[in-house]
Amino acid sequence: MPYNHRTVEPKWQKAWADAKIFKSPTTPGDKPKFYILDMFPYPSAAGLHVGHPEGYTATDIIARVKRMQGFAVLHPMGWDAFGLPAENYAIQTGVHPHETTQKSIAAFRRQIQSLGFSYDWDREVDTTDPTYYKWTQWLFLQLYKKDLAYEAVVPINFCPSCKTGLANEEVHQGACERCGKTVEKRDMRQWMLKITLYADRLREDLEGLDWPQSTLSMQENWIGRSEGAYVDFAIDGHKETVKVFTTRPDTLFGATFMVLAPEHPLVKNICTTDKNAEVTAYIERARMTPEMERTEAGRKKTGIFTGAYAINPVNQENIPIWIADYVLAHYGTGAIMSVPAHDNRDHGFAKTYDLKIKTVVRPAMGQAPTDTAFEGDGFAIDSGAFTGLATEEFKKQITAWLKEKGLGERAVTYKLRDWVFSRQRYWGEPIPIVHCKGKCAKAVPVPEKDLPITLPQVERFQPTGTGDSPLSAITDWVKTICPECGGAGERETNTMPQWAGSCWYYLRFIDPKNTRAAWDKELEKAWNPVDLYIGGAEHAVLHLLYARFWHKVFYDLGLVTHKEPFKRLRHQGMILAFSHQDSKGAYHGYDEIEFAGETSKLIATGEPLNMKIEKMSKSKKNVVNPDEVISSYGADAMRLYEMFLGDFELTKPWDMRSIEGVSRFLAKVWRLLENQVPGDAKTNQRLRHKTIALVSERIENFKFNTAITALMEFVNALTGSQACKEDLDILLKLLSPFAPHMAEEGWALLGNQGFVSQAAWPTFDPALTTAESVGIAVQINGKLRETLRVPSGEAHNQVYVEAQAKASEKVVKYLENAKVTKVIFVAGRILNYVVHTS
RNA sequence: GGGCGGAUGGCGGAAUGGUAUACGCGACGGACUUAAAAUCCGUUGGCCGCAAGGCCUUGAGGGUUCAAGUCCCUCUCCGCCCACCA
């Protein structure tokens, strides 16, 4: 009977759902627990992308194996559903984001379920559901009460044409994504979270996490701790001093000018009258220049002299004070001492404006370059009493000296800045704050009993035109009473960023229905932390940093028992697409060139095959919809194919030409099951044990592609021999995490009871994982000359192997007339004669 | 500019410093078939050779080693992330 995935797959999906075999227990009980989590998706209207099933298949494979190995597995799925696309769609069409979102969720859920993943759907969460965001708001209030949330006026992206605030994602190369007009910075009141208070802990606790090295270093760079010193410079003729931050206090003697950020508060005071007009114009220009452009590397540096001079505290030299937009107001102190001889940015600036360059460090070895700055460590020259000191020692001594003289002190700065936590948007969690207009006249948190503050129903989602949130136009909703004094109050109209919901969803999954608390403390203790977290590398910094920050706050509040939320993290490699660009520049997606026949047609027309591998995007017509693949090949083939593409953690192209391979493999498995002839349990015993070992180990190490390879080799061998029942049972167990539907169908076909998904994962005997005989390579001077077949038992016996080698004509040929100077024997692998021919 | 990763047959890709090219795709030849599909068997990195066999080959060039796709140095190209961070 031919295997029909169209009927078999839905049948087993229903059977699993009816029997609730993937439902996680409330607590792990006496089983070891395993919490395996996918980064939950934003349910976009476009539906699933092939990148989604890649990660989900991987976690599903591991979840299924762990379950079969006797773990209590928590494997949930949910929706990170607040976000810009639904809101923008609402602005264009008037369809409420809630409607769009629910539709997208339904579509995503259907697609995900059609792949047969073993999620516990009873734990599904949706960040836009008031029963969920009630607790997002509650958690915000905990941060607020801990004094970690505050209001501040900060610049936001503002489009003067659309008259609306823009998210960073909506600004492309300094221009508004929608109208193309240049985006300005505009100061607005924002809610901020004090993530900087946790900078050190966020950095230090990276140690001990089983995360990819690249992610750890990205987080570390993002936090950007640098050690150095603050130094105060007096200003000639003024009472004020300018504080600068430097990581190289040892180059103070080489500071020949100073640069302030255009936004620096002292600029207006110190600027001499003759320079006033010029300076004001420069500042204005800098304000109008979008940050994107301003911070573009390699851009020609611009600046202007203020007319004022600072006094270098180490040698009392007067150095000119300049203003330049390459100095950023928000990093360090917004002012730098410039050492053009030892900093390349300063060097470029000094060259442009013909400023003095003074060398104060010589390299320990070799010559310093003359056309650029020498930024390395070395020994001090021309530095007064400090001359001759090595850079590190100099730093210590000068810092102590500065402290002693009251001119400065050791300092640590971070690139990490406080987190701007408010958005001028409708489709987000309302920030649960009332601005009292009565007696209290301050921001007052909404009492917990009044949560959630739900989003009001509105007809229009248009921005207000002032940059305020659309919520501010809904007077009925805004006007309220102050929870503290009962006087007039106005609700906060800003909403939270999309990150808010994803900062704690992994905690909600352990207790998703709780109406009295965000989660139960006992359950938290039982299930946390997440044992394995899988998702795209695009979240390497922001989401993972924000979630860690909230988690640490929860830890301080006694809400969680572990310092870190995600014990082990892996990123899936991005799936790229083949595109072909023809001579006219038009793109042809994979659907036009997917199969070899089509490719040949293109070759036949003489059209050059300009194949490119690049990110999938609608405009390049190379986006692949999983539905089509599932309908023609089935969910099992789709899952297998996703895993067979290449290394899970590396970038790889989606090449539909080879899905035929995994599809044929499944057909072969089915034929094998149907045509079983009773065989001897001994025949394939060693291969059976070896395959169990290989598949188990490769899954554990995320080498899904080669785990499938091992299964293919097993099937090829079984097809060519007489497979016994045990061979087939084990094959189905090993196959079941990858192709669960066929595995269940086959399990039933062989007359087994229950679900293969609930069978015990097979174990192996290490002694039986090697073949009866092994090949030993015999090399002469590293070159392969002969391969010996020796029994496994003798493969470690050098005397035996050498005797065999010397019995081989091929080897003898190379050994006669040669003097063996060295024999290298690697047990079970290599015998290498190093010879000297006279 | 910085960080991280990658480059292996016609294609996707395998290879704890130890037999490079496993597995799959494609191609070629054959079997089965009236025929096709499906399936099965065989061949398939390059060069020389009737053959036995030999030589070469993991982006380029050097090095370490008995032995290098793998380690080290220099360079080229590609991808991702960050980017004037003092």
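Both backbone and side-chain heavy atoms feed into the values below; hydrogens, waters and symmetry mates do not. Proteins get letters first, then strands, A, B, ... in listed order; numbering begins at 1 in each.
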**Asked** Roughly how far apart, to the nearest Å, are B:C78 and B:A22 at atom C1'?
**Response** 26 Å

**Message:** To check you understand the geometry: which heavy-atom pair defines the closest contact between A:A637 and A:V662, and what is its length?
**Reply:** O-CG2, 3.8 Å

**Criterion side chain to side chain donor-acceptor pair (under 3.5 Å) against A:Y833, the qualifying member of A:R785, A:Q779, A:E802** = A:E802

**Item:** C1' atoms of B:G17 and B:A68, separation to the nearest Å
**Value:** 7 Å

**Message:** Taking the nucleotide of RNA chain B with the nearest heavy atom to each, does A:G332 or A:Q779 sit closer to the 5' end?
**Reply:** A:Q779

**Fill in**
Among the nucleotides B:C81, B:C66, B:G53, whichever has the atom closest to the side chain of A:I824 is B:C66

**Request:** Could you go through the side chain to side chain donor-acceptor pair (under 3.5 Å) check for A:R789 and A:S773 one step at a time?
**Result:** CA-CA 6 Å; A:R789 250 359 281 168; A:S773 69; 3.1 Å; yes

**Request:** Return the nearest nucleotide to the side chain of A:E713; candidates are B:G24, B:A22, B:G79.
**Result:** B:A22

**Message:** In this structure, how many angstroms lie between the P atom of B:U65 and the NZ atom of A:K822, rounded?
**Reply:** 10 Å

**Asked** Roughly, in whole Å, what's the span from CG in A:D346 to P in B:C84?
**Response** 15 Å

**Prompt:** With respect to the side chain of A:W222, which nucleotide from B:A15, B:A83, B:U39 is positioned closest?
**Reply:** B:A83

**Request:** State, to 0.1 Å, how close A:A373 and A:D343 come at their nearest heavy-atom pair, and which atoms those are.
**Result:** CB-N, 3.3 Å

**Prompt:** Which atom pair, heavy atoms only, marks the closest approach of A:D647 to A:N705?
**Reply:** N-ND2, 3.5 Å

**Options B:U19, B:C81, B:C4, nucleotide nearest the side-chain atoms of A:S217** = B:C4

**Message:** I'd like to know if A:R785 reaches the base of B:U19 with its side chain such that a donor and an acceptor end up less than 3.5 angstrom apart.
**Reply:** no

**Request:** Ignoring backbone atoms, establish whether A:K783 has a side-chain N or O less than 4.0 Å from OP1 or OP2 of B:C56.
**Result:** yes

**Asked** Is any side-chain nitrogen or oxygen of A:N716 closer than 4.0 Å to OP1 or OP2 of B:G24?
**Response** yes

**Same-atom distance (P) from B:G63 to B:U19, integer angstrom** = 24 Å

**P atoms of B:U39 and B:C48, separation to the nearest Å** = 36 Å

**Complete:** What one should report as the nearest heavy-atom pair of A:H342 and A:F374 is ND1-O, 2.9 Å

**Message:** For the C1' atoms, the ones on B:A38 and on B:C32, what distance do you get once it is rounded to whole angstrom?
**Reply:** 11 Å

**Message:** Under 4.0 Å from OP1 or OP2 of B:U19: is there any side-chain N or O of A:R829 that close?
**Reply:** yes

**Request:** Round to the nearest Å and state the distance from A:L784 atom CG to B:G53 atom C1'.
**Result:** 14 Å

**Fill in**
When rounded to whole Å, the OH to P distance for the pair A:Y633 and B:A38 reads 11 Å

**Asked** Taking the six-membered ring for Trp, is the centroid-to-centroid distance between A:F349 and A:F257 below 6.0 Å?
**Response** yes

**Asked** Which part of the nucleic acid does A:S214 contact within heavy-atom distance under 4.0 Å: base, sugar-phosphate only, or nothing?
**Response** sugar-phosphate

**Asked** Which sits closer to the 5' end of RNA chain B, A:N832 or A:Q213, going by the nucleotide each is nearest to?
**Response** A:Q213

**Request:** Using the C1' atom on both, measure B:C66 against B:G1 and round to a whole Å.
**Result:** 43 Å

**Fill in**
With the side chain defined as heavy atoms from C-beta on, A:K415 is closest, among B:G26, B:C85, B:A86, to B:C85

**Prompt:** Taking the same atom, P, in B:C56 and in B:C4, what whole-Å distance lies between them?
**Reply:** 36 Å

**Item:** Distance between C1' atoms of B:C77 and B:U8 (Å, rounded)
**Value:** 16 Å

**Request:** For A:H330 and B:C85, give me the distance from atom NE2 to atom P, rounded to whole Å.
**Result:** 12 Å

**Fill in**
From CG of A:N344 across to P of B:G1 the rounded distance in Å is 11 Å

**Request:** Measure the distance from CG on A:N781 to C1' on B:U65 and round it to the nearest whole Å.
**Result:** 13 Å

**Request:** Ignoring backbone atoms, establish whether A:N705 has a side-chain N or O less than 4.0 Å from OP1 or OP2 of B:A14.
**Result:** yes

**Asked** Should B:G9 be called syn or anti, with syn set as within 90° of 0?
**Response** syn

**Fill in**
Of B:C85, B:U39, B:G24, the nucleotide closest to the side chain of A:L328 is B:C85

**Prompt:** A:D343 has an atom CG; how far is it from atom P of B:G2, in whole Å?
**Reply:** 14 Å

